[in-house]
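The figures here come from the full heavy-atom set of this structure, side chains too, leaving out hydrogens, waters and symmetry mates.
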Amino acid sequence: MAETVTPVVDTPPPAATARERRGWYLYDWANSAFQTTVITVFLGPFLTTVAELAAGCELGADSCDGYVHPLGIRVAAGSYYPYLISLSVLLTVFVLPVIGAVADRSTHKKRLLGAAAFTGAGATVAMAFVTGDRYLLGGALFIVANISFGAAVVVYNSFLPLLGGPDERDGISSRGWAIGYLGGGVLLALNLIAVTMFSEEGNPQRTLDLARWSIVSAGVWWAVFTLVPLRWLRERPTAEALRGGGGNVLTGGFRQLGRTVREVRAYPLTLLFLLAFLVYNDGIQTVITLASQYGTEELKLGQSTLITTILLVQFLAFGGALALGALARRIGAWKTVLLSLVLWIGVIIAAFRLPAEAPLQFMLLGGAIGLVLGGSQALSRSLFSQLIPAGKEGEYYGFYEISDKGTSWLGPLAFGLVFQLTASYRVGLVSLLIFFVVGFALLALVPIRRAIIAAGNTPPRVL
């Protein structure tokens, strides 16, 4: 029962040094290359083009009404990528909570982090072999990379409650997100330079090749910079892991997960927050994931415009994450996240009204997204850390990660279905409003201070 849970330590353990925190921040620097360069910018247009080639469309055609048939299923080429996202996330529903349970029982969390990160980075580098009409290979590699990405973030997030007390976690989480956006922006800037220097007007094959190698560069970046947090972070096994005595971590993780699923009803307010997050963050992730596809297919914008806009988003998100983190210190993280959701609703409405072939207006909208993006995600992560019973960090972040950092599924599914029915990306975009409205309503219903106390933790001074 919630009343018997031992409270989490409210002050940073002695081992939580500044160097260790910097190591934790730098994993966000490493993996944000995948989120930014691959998911947000290049992969959607790249795999859509490869699917269109498989559907018999000409390279560089303005539109394509062709279909591909993965596993015998008739799929519009323009819907292939959104459906892939949904499939990968459905698979993570089964994988990530188990990874979290294993992390809670393991005395080698860093090894688990490294295994997941290097698997995802390897699958990303293997995109070099997705040439011609190999859309199935591209889809399979993306699924492996995206699941591995989520698994690594589950382990990474499980360190957060142990790196600072309740009044510090908003700042720690915000700095991590900010550093991540900065790292993703640096690699994206390098790719922007490459695309600008080597692209040739009227040569769509060159554009496709540049997109492929930009994706590969993200895998290399992810792998190389993961080495730093693996060196600087310290192992932080839970009491359950220390009692395990080296038993079978995997089967023990499954047993622990089963117990948590049965016991989670003792924390209904934590579940309500998690439900709210899964809804509104699904909308956020769908906007991030499909922005480049919307820009190329509906707004008819060039790749350089898209990269410039996402680059603008990255660097503004760096400042936005820190700014909303500072606002949270004044009015509380819960109120700040609610405010950010109102701003997200305005973003969706503005994106629907954007005219085609208007790069300046698209970039202005991207700037608005950047200011609200980092803070809404960073503060959601730190808020959730306050609602986790002690010793269950990995498991609960396993459930949390189902809709975090590229793992949305309902939004892309809705977007893909609406597009297949209407052939309109704008109508598909409007369907995302429901996620922000419902998510706001659910989050507003959470009595956040009471929820933290019910989980056995001490609330921060300002909520």
Minimum-distance pair of heavy atoms, taken over all atoms of Thr119 and Ala115: OG1-O, 2.8 Å
Side chain to side chain, Phe277 and Ile284, heavy atoms closer than 4.5 Å: no
Between Phe34 and Trp221, ring centroids under 6.0 Å: no
Val95 backbone acceptor or donor facing Thr92 side chain under 3.5 Å: no
Residues Tyr25, Glu20; criterion side chain to side chain donor-acceptor pair (under 3.5 Å); working and verdict: CA-CA 9 Å; Tyr25 301 150; Glu20 185 178 9; over 6 Å; no
Worked check of side-chain contact (heavy atoms from CB on, under 4.5 Å) between Leu187 and Ser217: CA-CA 8 Å; Leu187 180 64; Ser217 74; 4.0 Å; yes
Smallest separation among heavy atoms of Tyr80 and Ala51, with atom names: CD2-CB, 3.9 Å
Spacing of Leu91 atom CG and Ile147 atom CD1 [to the nearest 0.5 Å]: 4.5 Å
Backbone N/O of Gly164 and side chain of Arg169: donor-acceptor pair under 3.5 Å: yes
Ring centroid separation Phe419 to Tyr425 under 6.0 Å: yes
Check: Phe159 ring centroid to Tyr156 ring centroid under 6.0 Å: no
Asn457 (side chain) donor-acceptor with Pro389 (main chain) under 3.5 angstrom: no
Over all atoms of both residues, closest heavy-atom pair of Gly23 and Leu233: C-CG, 4.5 Å
Aromatic ring proximity, centroids under 6.0 angstrom, Tyr181 and Phe318: no
Steps toward salt bridge (Lys or Arg N to Asp or Glu O under 4.0 Å) verdict (Arg175, Glu168): CA-CA 11 Å; Arg175 285 190 290 274; Glu168 298 176 291; over 6 Å; no
Exam field: side chain Ser376 to backbone Leu373, donor-acceptor pair closer than 3.5 Å: yes
Residues Asp209, Arg212: salt bridge by 4.0 Å N-O rule: yes
Sidechain-backbone polar pair: Thr48 side chain, Pro45 backbone, donor-acceptor under 3.5 Å: no
Close side-chain approach of Leu387 to Leu269, heavy-atom, < 4.5 Å: no
Side chain Tyr397, main chain Arg381, donor-acceptor under 3.5 Å: yes
CD/Gln205: more than 12 non-hydrogen atoms of other groups inside 6.0 Å: yes
Shortest non-hydrogen contact from Leu43 toward Ile215: CD1-CD1, 3.8 Å
Criterion side-chain contact (heavy atoms from CB on, under 4.5 Å) on Leu354 and Phe362, from CA distance to verdict: CA-CA 7 Å; Leu354 274 183; Phe362 185 78; 3.9 Å; yes
Distance-only donor-acceptor check, side chains Trp222 and Tyr27, under 3.5 Å: yes
Under 3.5 Å: donor-acceptor pair, side chain of Ser173, backbone of Ala378: yes
Cationic N near anionic O, under 4.0 Å, Glu200 to Arg206: yes
Ser79 side chain to Val75 backbone, donor-acceptor under 3.5 Å: no
Minimum heavy-atom distance Val130-Gly138, with the two atoms named: CG2-CA, 3.6 Å
Check: Arg234 main-chain N/O paired with Lys110 side-chain donor or acceptor under 3.5 Å: no
NZ/NE/NH1/NH2 to OD/OE distance under 4.0 Å, Lys109 and Glu235: no
Steps toward side-chain contact (heavy atoms from CB on, under 4.5 Å) verdict (Thr124, Val216): CA-CA 6 Å; Thr124 305; Val216 170; over 6 Å; no
Straight-line distance of Leu379 CG to Ser382 OG, nearest 0.5 Å: 5.0 Å
Beyond-backbone contact of Gln386 with Pro459, side-chain heavy atoms, under 4.5 angstrom: no
Interatomic distance, Leu327 atom CG to Ile331 atom CD1 [nearest 0.5 angstrom]: 4.0 Å
Polar side chain donor-acceptor pair, Thr36 to Gln314, under 3.5 angstrom: yes
Atom of Leu141, atom of Ala126 and distance for their closest heavy-atom approach: CD1-O, 3.4 Å
CG on Leu316 to CD1 on Ile369, rounded to 0.5 Å: 11.0 Å
Ring-ring centroid check Tyr400 Phe384, cutoff 6.0 Å: yes
Whether Ser32 side chain and Trp29 backbone form a donor-acceptor pair below 3.5 Å: no
Crowding at CZ, Arg19 (>12 non-hydrogen neighbours, <6.0 Å): yes
